[in-house]
Amino acid sequence: MSKHLKFFVCAAVLFAFLNPIEAFAQKTKKGKLVQRYASLRANDVNVRAGPGVRYHVKWKFIQRHAPVELIAQYDTWRKIRDWEGGEGWVHRAMIATTRSLLLKGDGKTMRRRPSDSAPAVARLASNMIVLAKKCDMEWCLVSARGHTGWIRRKGLWGLYPKERIR
């Protein structure tokens, strides 16, 4: 094998393992991204393989307010992770500061007060998206489909373990 061919093979292998986008994704002109949860602003959001329109669309979100975790940034692009672990890039204009949560596991009962003995307001289905208004260590005040009430925090995706929402 010639020296040039060996060089190109080694370079190709290194590029496959060391993506320069990932290496610089945390840095921008304004500093580092603070990892956090957010939600999607629109009903039609393209998730791309890299930070720019030249990268192919990996998939689309079709649900407004879907919760996502922001894990990196590059210029005006944000790398997100969804509740299934999928990762990709979206433009920052598609990210909203509104907090939403996804109900994992079995459905949940929305209650009038943060107590298991409080009257039920609604029954929420598994994988339903709710808007978070307030969360403490055990309960979250949420709204969904015209109803507002409290649900237990356990089994919600879109919150860090000890995070509170005020």
Side-chain angles (χ1 to χ4, degrees), residues 19 21-23 25-26 28 32-53 55-74 76-166:
N19 185 344
I21 299 292
E22 297 298 322
Q26 289 289 342
T28 66
K32 290 176 77 173
L33 171 81
V34 175
Q35 190 169 345
R36 65 187 182 279
Y37 284 100
S39 63
L40 297 178
R41 187 179 302 270
N43 281 326
D44 187 14
V45 177
N46 291 330
V47 180
R48 297 184 176 274
V53 293
Y55 293 94
H56 73 276
V57 175
K58 291 170 69 172
W59 76 87
K60 284 185 178 222
F61 276 104
I62 56 171
Q63 175 77 39
R64 183 175 184 219
H65 297 303
V68 293
E69 184 178 16
L70 303 178
I71 58 174
Q73 72 181 26
Y74 181 80
T76 60
W77 293 84
R78 303 297 178 258
K79 187 172 186 183
I80 62 166
R81 181 180 301 131
D82 69 11
W83 59 91
E84 295 175 319
E87 295 180 359
W89 293 85
V90 298
H91 192 272
R92 73 177 179 200
M94 294 293 104
I95 303 293
T97 57
T98 305
R99 289 297 297 272
S100 61
L101 305 169
L102 182 80
L103 282 59
K104 297 302 294 175
D106 295 332
K108 292 188 174 289
T109 301
M110 182 187 287
R111 303 209 174 263
R112 191 166 289 148
R113 293 181 307 282
S115 167
D116 289 326
S117 61
V121 173
R123 182 77 179 148
L124 305 176
S126 179
N127 292 330
M128 189 171 180
I129 295 172
V130 296
L131 299 180
K133 297 177 179 288
K134 179 179 175 180
C135 285
D136 61 25
M137 296 310 288
E138 291 187 43
W139 293 87
C140 289
L141 178 62
V142 300
S143 64
R145 298 191 180 175
H147 299 284
T148 299
W150 294 87
I151 58 174
R152 280 218 169 263
R153 181 182 174 121
K154 185 179 178 186
L156 297 176
W157 190 90
L159 285 167
Y160 292 111
K162 295 186 179 185
E163 179 183 15
R164 294 175 186 253
I165 298 175
R166 301 186 196 288

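Of the inter-residue distances, the one linking W157 atom CH2 with I129 atom CD1 reads 10.0 Å to the nearest 0.5 angstrom. Between the CG atom in L70 and the CZ atom in R81 there is a gap of 10.5 Å [rounded to 0.5 Å]. Note that CD1 of I95 is 5.5 Å distant from CD1 of I80, once rounded to the nearest 0.5 Å. One finds the CZ atom of R92 at 6.0 Å from the OG1 atom of T76 (value rounded to the nearest 0.5 Å). In this structure, CZ in R99 is found 14.5 Å from NZ in K133, a value given to the nearest 0.5 Å. Put simply, CG on L131 and CG on L141 are 11.0 Å apart, with the number rounded to the nearest 0.5 Å.
In this structure, the side chains of H147 and L124 stay at 4.5 Å or more apart for every pair of heavy atoms. Considering only heavy atoms from C-beta on, W139 comes within 4.5 Å of D116 through its side chain. Inter-residue side-chain proximity for K134 and I165 is flagged as unmet; no heavy-atom pair is nearer than 4.5 Å. Under the 4.5 Å side-chain criterion, counting only non-hydrogen atoms from C-beta, N127 is in contact with K104. Between H91 and R41 there is no side-chain heavy-atom pair separated by less than 4.5 Å. By the 4.5 Å heavy-atom criterion applied to side chains, V121 and T148 are not counted as neighbours. In this structure, the side chains of L101 and P67 stay at 4.5 Å or more apart for every pair of heavy atoms. Using a 4.5 Å heavy-atom threshold, the side chains of L156 and L103 count as touching.
Just one residue in the list D44, L40, N43, V45 forms a side-chain contact (heavy atoms from CB on, under 4.5 Å) with R64, and that residue is N43.
The aromatic rings of Y37 and Y160 sit tilted, their planes meeting at an angle between 30° and 60°. W83 and F61 have tilted rings, their planes meeting at an angle from 30° to 60° on a 0 to 90° scale.
Contact record, Y74 with P51: CD2-CG, 3.7 Å, taken as the closest heavy-atom pair. In terms of heavy-atom proximity, T98 sits nearest to S39 at O-OG, 2.7 Å. M128 and A144 get closest at one heavy-atom pair: CE-CB, 3.9 Å. Taking each heavy atom of M137 and R164 in turn, the nearest pair found is CG-NH2, 3.2 Å. Closest non-hydrogen pair, K79 versus W89, comes out as N-CE3, 3.5 Å. S100 and A38 make their closest contact through OG-O, 4.4 Å (heavy atoms, listed as atom of the first residue, atom of the second, distance).
The environment of R145 atom CZ is sparse: at most 12 non-hydrogen atoms of other residues, nucleotides or ligands sit within 6.0 angstrom. No more than 12 heavy atoms of other residues, nucleotides or ligands lie within 6.0 Å of CZ in R112, so this atom counts as exposed by the packing criterion.
Although no hydrogens or angles enter the test, the distance criterion places a donor-acceptor pair under 3.5 Å between the side chain of R111 and the main chain of A118.
Ion pair R153/E138 not flagged as a salt bridge, since none of the NZ, NE, NH1 or NH2 atoms sits closer than 4.0 Å to an Asp/Glu carboxylate oxygen.
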